[in-house]
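Taking it in order: structure first as structure tokens, then the write-up.
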Amino acid sequence: MTASTRRTVLSLYMRVFRIARTWQAQSGVTSDTEVEKKYILQEARTLFRQNQQLTEQESIKRCIEECEARIEIGLHYRNPYPRATYLPPLGLATQKGRKLRVQQRLRKQAKPIYLQSHDET
């Protein structure tokens with residue numbers, strides 16, 4: 001990791017913690033605010049630690065873009081949770097064979113950048 005990349009990652013990490021410190025839930029309820037603050041902190045710690053061992057510049061760049069996208073979406077919609085994708089789970093594909101593989105590949109390609117770190121459910 002280069003020095004500039006390290007600086008960028010650390011500034012994003014600190015930005016997430018600053019956002020969590022000043023976060024107010026859209027509902028205005030204190031308990032909701034506390035739950036959302038805890039979620040932001042826990043999610044940031046988990047994802048940054050999960051990606052700590054990355055050395056490839058391209059994958060680090062993708063993680064930085066995902067973090068920036070999630071920050072902007074969270075601030076815009078005042079919702080810290082990732083936005084859902086509206087794709088049919090497996091559509092009409094059979095459970096095995098070529099059609100299933102094609103559909104899985106298309107779903108992976110259609111996954112938005114702000115959800116790249118989340119596993120398929």
Side-chain angles (χ1 to χ4, degrees):
M1 183 184 303
T2 64
S4 64
T5 305
R6 180 177 170 80
R7 192 176 322 114
T8 303
V9 170
L10 290 175
S11 69
L12 280 173
Y13 194 66
M14 294 305 295
R15 183 175 177 203
V16 170
F17 276 80
R18 272 188 248 112
I19 289 169
R21 194 176 334 128
T22 60
W23 186 263
Q24 289 293 320
Q26 194 171 20
S27 65
V29 178
T30 307
S31 62
D32 290 348
T33 299
E34 292 304 314
V35 168
E36 290 179 4
K37 282 183 178 183
K38 286 180 184 176
Y39 172 79
I40 293 169
L41 294 174
Q42 183 258 343
E43 185 77 359
R45 285 185 184 119
T46 301
L47 291 177
F48 276 87
R49 286 188 181 136
Q50 173 185 328
N51 298 324
Q52 185 177 12
Q53 303 303 321
L54 293 178
T55 56
E56 195 176 308
Q57 282 297 108
E58 190 60 36
S59 58
I60 293 171
K61 183 181 175 197
R62 274 188 267 121
C63 289
I64 290 171
E65 289 173 354
E66 177 186 354
C67 182
E68 290 171 342
R70 288 188 66 180
I71 288 172
E72 295 306 319
I73 289 171
L75 291 174
H76 178 76
Y77 291 105
R78 301 298 307 154
N79 183 358
Y81 307 107
R83 295 180 54 82
T85 55
Y86 299 106
L87 296 173
L90 287 175
L92 300 175
T94 59
Q95 291 301 314
K96 53 187 162 184
R98 187 175 180 185
K99 287 184 180 181
L100 178 63
R101 287 191 304 269
V102 169
Q103 184 148 10
Q104 287 174 337
R105 181 176 41 92
L106 290 173
R107 285 179 53 78
K108 186 176 181 182
Q109 291 172 348
K111 194 172 193 180
I113 191 169
Y114 55 86
L115 287 177
Q116 293 298 320
S117 62
H118 285 271
D119 296 314
E120 288 288 325
T121 56

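- Residue N51 holds its CG atom at 7.5 Å from CD of E66, rounded to the nearest 0.5 Å.
- When hydrophobic clusters are built by joining Ile, Leu, Val, Met, Phe, Trp and Tyr residues whose side-chain heavy atoms come closer than 4.5 Å, directly or via intermediates, I40 is grouped together with F17.
- Applying the ring pair (Phe, Tyr, Trp, His ring centres under 6.0 Å) test to every pair with at least one member in residues 45-80, sequence neighbours left out, gives these pairs: Y13-F48.
- Remark: Q57 CD to I64 CD1 distance equals 8.0 Å, nearest 0.5 Å.
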Please assess T22 against R18 for the test side-chain contact (heavy atoms from CB on, under 4.5 Å), listing each intermediate value before the final yes or no.
CA-CA 7 Å; T22 60; R18 272 188 248 112; 5.9 Å; no
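- Every pair tested for salt bridge (charged side-chain N to carboxylate O under 4.0 Å, His left out) that includes a residue from residues 44-53 fails, sequence neighbours excluded, so the list is empty.
- The OG atom of S59 sits 12.0 Å away from atom CD of Q53, with the distance rounded to the nearest 0.5 Å.
- Here L12 contributes atom CG and R7 contributes atom CZ; the two are 13.0 Å apart, rounded to the nearest 0.5 Å.
- Here salt bridge (charged side-chain N to carboxylate O under 4.0 Å, His left out) pairs that include residues 71-80, with residues two or more places apart or in two chains, are R15-E72.
- Across Y39 and P82, no two heavy atoms sit closer than the pair OH-CD, 3.3 Å.
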Please lay out, stage by stage, how N79 and Q26 fare under the test side-chain contact (heavy atoms from CB on, under 4.5 Å).
CA-CA 7 Å; N79 183 358; Q26 194 171 20; 5.5 Å; no
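- Here CD of E56 is found 10.5 Å from SG of C63. Values are rounded to the nearest 0.5 Å.
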For a side-chain contact (heavy atoms from CB on, under 4.5 Å) check, start with the C-alpha distance between L75 and W23, then their side-chain angles and the critical distance, and finish with the verdict.
CA-CA 9 Å; L75 291 174; W23 186 263; 4.2 Å; yes
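- Separation of atoms CD (E36) and CG (L41) is listed at 12.0 Å; rounding is to 0.5 Å.
- No donor-acceptor pair closer than 3.5 Å links the side chain of T33 to the backbone N or O of Q24.
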